[in-house]
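Throughout, numbering of the chain's residues begins at 1 and tracks the sequence.
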Amino acid sequence: LRACKAGSTHDPSGLLLMQMAGTSSYAVRERQLMALLATRPRDLQRIVTPKLLEVLQGWLREAEADGQVTFLVLLLEATTHLPLPLSMLLTSPLQARVLQLARKA
């Protein structure tokens, strides 16, 4: 079998990211975040990509605009659970916004 490139549509993690990016329901997003929280951090390393951070940042913006406080709390909790490399954190706009929200909490 040919190895799949992480994040591709042939890779399960790539399919998950595509599903997450296409999800607009807060109920479904909450279940996706709860699945991330139920997964061991070392098993999440494969999906921790700039694409995941883009998806989460988009969700954060939408949740703030819609006043989805409970969802925001879950999103912040899931974000802290992710095994994010320092280099990815430093270049992600999500990191700055998460820190701002954490200080307000």
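Remark: Glu54 CD to Lys51 NZ distance equals 5.5 Å, nearest 0.5 Å. To the nearest 0.5 Å, the span separating CZ on Arg97 from CG on Leu75 amounts to 11.5 Å.
When all heavy atoms of Thr91 and Ser87 are compared, the closest pair comes out as OG1-O, 3.2 Å.
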Let's go through Val73 and Leu76 carefully: what are the C-alpha distance in whole Å and the side-chain angles of both, what is the deciding distance for side-chain contact (heavy atoms from CB on, under 4.5 Å) to 0.1 Å, and is it a yes or a no? CA-CA 5 Å; Val73 170; Leu76 293 174; 5.7 Å; no

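Between the side chains of Gln32 and Arg29, no donor N or O sits under 3.5 Å from an acceptor N or O.
The closest donor-acceptor contact from the side chain of His81 to the backbone of Ala38 lies at 3.5 Å or more, if one exists at all.
Annotation: side chain of Leu33 is in contact with side chain of Trp59 (closest heavy-atom distance under 4.5 Å). Looking at heavy atoms from C-beta onward, Ile47 lies in side-chain contact with Leu44 at the 4.5 angstrom threshold. Put simply, the side chain of Val55 does not reach to within 4.5 Å of the side chain of Thr23, judged on heavy atoms. Between Thr79 and Leu60 there is no side-chain heavy-atom pair separated by less than 4.5 Å. In this structure, the side chains of Pro85 and Val48 come closer than 4.5 Å at one or more pairs of heavy atoms. The shortest side-chain heavy-atom distance between Met20 and Leu36 falls under the 4.5 Å cut-off. Counting heavy atoms from C-beta outward, Thr70 and Tyr26 have side chains that stay 4.5 Å or more apart. Residues Pro83 and Arg42 have side chains not in contact (no heavy-atom distance under 4.5 Å, counting atoms from C-beta outward).
Tracing side-chain contacts under 4.5 Å through hydrophobic residues (I, L, V, M, F, W, Y), one reaches Leu16 starting from Met34; they form part of the same cluster. In terms of hydrophobic clustering, with Ile, Leu, Val, Met, Phe, Trp and Tyr side chains grouped at heavy-atom distances under 4.5 Å, Leu15 and Val28 are assigned to different clusters.
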